2 protein chains.
Amino acid sequence: MNLKELSQNLGLSQTTVSRALNGYPEVSTATRRRVEEAARTFNYSPSTRAKGLATGKALAIGHVIPLSSKHEMVNPVFGDFIAGAGETYSRNGYEMILSIVPDEDERRIYQGLKSRRAVDGVIVHGPVMDDPRIPLLHKLGLPFAVHGRASVNETPYAWLDMNNRNAFKRATDFLFDLGHRRIGLVNGLEFMDFAHRRRNGYTASLSDHGVTPDPALMRSGEMTEDFGYVSARQMLALDDAPTAIMCSSMISALGVRRAIEEKGLVMGKDVSVISHDDVLSYLKNGGDTPIFTATRSSVREAGRQLAQMLLDAIENPARPPQTKLLEAELVVGCSTGPAPRKD
Amino acid sequence: MNLKELSQNLGLSQTTVSRALNGYPEVSTATRRRVEEAARTFNYSPSTRAKGLATGKALAIGHVIPLSSKHEMVNPVFGDFIAGAGETYSRNGYEMILSIVPDEDERRIYQGLKSRRAVDGVIVHGPVMDDPRIPLLHKLGLPFAVHGRASVNETPYAWLDMNNRNAFKRATDFLFDLGHRRIGLVNGLEFMDFAHRRRNGYTASLSDHGVTPDPALMRSGEMTEDFGYVSARQMLALDDAPTAIMCSSMISALGVRRAIEEKGLVMGKDVSVISHDDVLSYLKNGGDTPIFTATRSSVREAGRQLAQMLLDAIENPARPPQTKLLEAELVVGCSTGPAPRKD
DNA sequence: TCAAAATTCCAAAGCGCTTTGGATTTGCTC
DNA sequence: GAGCAAATCCAAAGCGCTTTGGAATTTTGA
């Protein structure tokens with residue numbers, strides 16, 4: 001069923017039917033009802049392609065997920081993020097277009113999305129510190145919004161970020177308050193902006209408390225379970241082992257816990273652990289009382305909000321780019337306790 | 001830059017330029033070269049919408065991810081699967097369109113994709129045993145391919161599945177060979193087809209070995225870490241605790257291990273564990289020697305292949321639906337060992 | 001009651017591409 | 001060099017929609 005058929009069916013012109021369906025005022029309430037009714041029964045909806053051609057809008061947002069050869073891993077955060085973004089899109093009649101590409105192709109992909117006029121804007125995932133995509137997208141004139149931030153960047157752009165620095169600063173402060181002085185960090189890859197900021201928060205807390213950062217207690221890598229395990233294991237094997245560990249992801253934290261328990265130690269008593277929790281649906285942090293003390297911020301909610309920001313920006317290109325900084329909450333679970341006394 | 005401008009620039013007609021770009025034979029090699037060259041320098045690619053409108057194809061595949069209220073979780077398998085599928089699409093010039101929807105809306109979504117002519121076909125994720133989407137898509141006449149299978153279904157359709165039953169049968173057999181007789185099952189939600197099949201494999205092995213399934217040893221739920229933990233904990237608290245546990249996901253297996261170690265037991269010695277491993281990128285199963293003995297099948301590879309099957313089916317609608325059954329391999333890690341002797 | 005103002009509708013152009021049917025040019029054959 | 005096939009190109013229609021610029025009808029005001 002297309003517009004022509006539908007309008008013939010109703011004995012109206014295509015114009016009128018189109019206007020009725022798109023809420024234009026120059027059509028009487030009675031005919032509008034009649035048209036809507038008919039559209040429903042005939043199961044008519046306008047072809048996205050034709051509509052897009054006619055209006056010059058794509059009614060679609062692109063998500064480009066880089067798959068770096070350096071870290072051949074789909075960020076697990078991603079599934080929940082797009083679930084959130086998707087809610088916003090479907091509420092607003094937008095389609096979500098996904099490209100997962102080796103990152104050496106990324107430039108070409110953005111070029112392509114632009115020149116094929118396939119999307120009205122894009123969401124940038126996983127920004128690194130000096131992210132080349134931001135100037136590129138500016139140059140292409142393709143509206144965009146970033147999940148996270150790029151520290152090194154002159155021109156303003158739209159972003160939504162969790163306050164990574166503050167979250168890790170506060171959490172580390174919390175460990176100091178519990179009496180810990182040797183605190184390890186199991187971080188993500190530190191060319192990623194979020195990891196860089198978390199580390200800053202961590203070291204800021206250390207120096208606030210007169211502690212010099214010890215390279216032996218600072219790890220950075222892909223946040224797998226195994227990485228958490230290996231990192232914690234090595235730290236705990238030190239003569240001067242840490243009594244607490246800050247961890248950048250729940251999955252790595254599971255590995256950290258494994259290393260602790262393997263050594264016959266008890267998490268929350270011998271070694272305290274704080275993790276960042278993205279509230280991923282398949283990784284519920286315990287039941288009533290959370291297992292891990294964690295800095296928490298829902299990535300799904302972030303998806304919802306950032307998508308909305310991008311749609312607003314597209315709607316209203318004149319407005320200066322919006323930004324939003326979400327604060328993580330610190331939930332106290334069973335994985336932290338007072339620093340053990342020195343024997 | 002559009003076709004018109006490009007062709008004016010070249011002093012050719014739109015027809016010729018279009019034909020040159022699309023590889024039609026009625027254009028000389030020389031002009032073809034010239035056109036391709038120009039397209040490259042002017043960064044031209046045809047508008048997907050216009051092309052779609054003219055050809056009647058969408059050049060896009062839809063992935064509809066249901067977000068059940070029953071299990072408000074984004075299947076973690078999903079990220080890797082679409083990474084695989086995405087590779088195939090981009091190689092073939094297709095776009096991937098993602099909709100994440102509450103599953104009561106799912107019917108409407110498929111209707112919409114069809115009537116808006118937004119996609120040429122869809123991939124069905126997470127089939128349940130008697131999946132209503134299959135007859136629905138048949139009725140709509142929207143080409144589709146299923147990742148997994150629906151046990152209860154008359155009409156043939158395209159699918160790609162891992163041999164869940166066989167994987168779990170063989171793995172359970174392996175445990176029997178090691179001398180285990182009390183074997184637990186920590187399964188996914190059993191209205192999901194894959195979980196149902198795994199259970200069948202498990203019980204088939206039990207009855208092959210003359211063991212009656214014990215409901216106390218069979219758990220089914222969302223495959224979170226916590227679910228694994230709670231399930232294993234309860235099983236291990238039994239008088240007649242299992243000496244081995246089959247587990248449906250690596251994430252739950254991490255929870256199972258936690259329960260084992262919390263009890264002061266050693267995995268692979270006191271309690272053996274076999275998990276299914278979807279080879280998710282962020283959950284590497286150990287380094288050189290895998291931690292878990294596991295049935296293994298890459299879901300990313302599945303994505304690649306199923307996407308190709310769907311594209312083939314779209315290309316060639318006459319051909320009967322293709323199907324493909326992948327066998328999982330059994331990799332032996334450190335989590336299994338001979339059944340402990342009874343004291 | 002009649003002109004002016006609203007209201008309600010429509011024909012046709014245009015969005016950027018593909019493709020049909022035909023026109024023009026080139027290359028060969030004799 | 002005439003005649004014909006092959007090679008090369010083009011104008012125009014059509015894909016399904018929106019939107020412009022009016023036309024036809026109804027309502028309103030004095």
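Protein chains get the first letters and strands the later ones, always in sequence-line order, with residue 1 at the start of each. Given the structure is predicted, the values throughout are model-derived calculations rather than measurements.
If you take CG of B:L10 and C1' of D:dT8, they are 15 Å apart, rounded to a whole angstrom.
Here B:S47 lies in heavy-atom contact (under 4.0 Å) with sugar-phosphate atoms only. Counting non-hydrogen atoms under 4.0 angstrom, A:T55 reaches the backbone sugars and phosphates but no base. Counting any heavy atom pair closer than 4.0 Å across all strands shown, A:T15 reaches a base atom.
Panel note: side chain B:K114, backbone B:L140; a donor-acceptor pair is recorded below 3.5 Å. Judged by distance alone, with hydrogens and angles left aside, the side-chain atoms of A:D120 form a donor-acceptor pair with the main-chain N or O of A:L59 at under 3.5 Å.
An OP1 or OP2 oxygen of D:dC10 is reached within less than 4.0 angstrom by a side-chain nitrogen or oxygen of B:S13. In terms of phosphate contacts, B:T16 brings no side-chain nitrogen or oxygen within less than 4.0 Å of OP1 or OP2 of D:dT8.
B:E36 has no carboxylate O lying under 4.0 Å from a charged side-chain N of B:R33, or vice versa, which leaves the two without a salt bridge.
Sequence neighbours left out, the pairs with a member in residues 105-133 of chain A that pass ring-ring contact (aromatic ring centres under 6.0 Å, His included) are A:H63-A:H125, A:F78-A:H125, A:F81-A:H125.
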Using the rule given for side-chain contact (heavy atoms from CB on, under 4.5 Å), can you reason through A:D131 versus A:D193, listing the C-alpha separation, both sets of side-chain angles and the distance that settles it, and then say yes or no?
CA-CA 9 Å; A:D131 202 297; A:D193 200 77; over 6 Å; no

Take A:V124 and A:I134 through the side-chain contact (heavy atoms from CB on, under 4.5 Å) test and state the conclusion after the steps.
CA-CA 9 Å; A:V124 173; A:I134 292 173; 5.6 Å; no

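Taking for each of A:A54 and B:A50 the nucleotide of DNA chain D with the nearest heavy atom, the 5'-most of the two is the partner of B:A50. Comparing B:R19 and B:S45 along DNA chain C, the residue whose closest nucleotide (by nearest heavy atom) sits nearer the 5' end is B:S45.
At least one side-chain heavy atom of B:R116 sits under 4.5 Å from a side-chain heavy atom of A:E95.
Taking the six-membered ring for Trp and thresholds of 30 and 60 degrees, A:Y89 and A:Y94 have ring planes inclined between 30 and 60 degrees apart.
The nucleotide range of DNA chain C contacted by chain B, defined by atoms under 4.0 angstrom from heavy atoms of the protein and reported 5' to 3', is C:dG16 to C:dG21.
At its two ends the helix from C:dT1-D:dA30 to C:dC30-D:dG1 runs along axes set 40° apart, each axis drawn from five pairs and the angle rounded to 10°.
To the nearest 0.5 Å, atom OG of residue A:S18 and atom CG of residue A:L12 are 12.0 Å apart.
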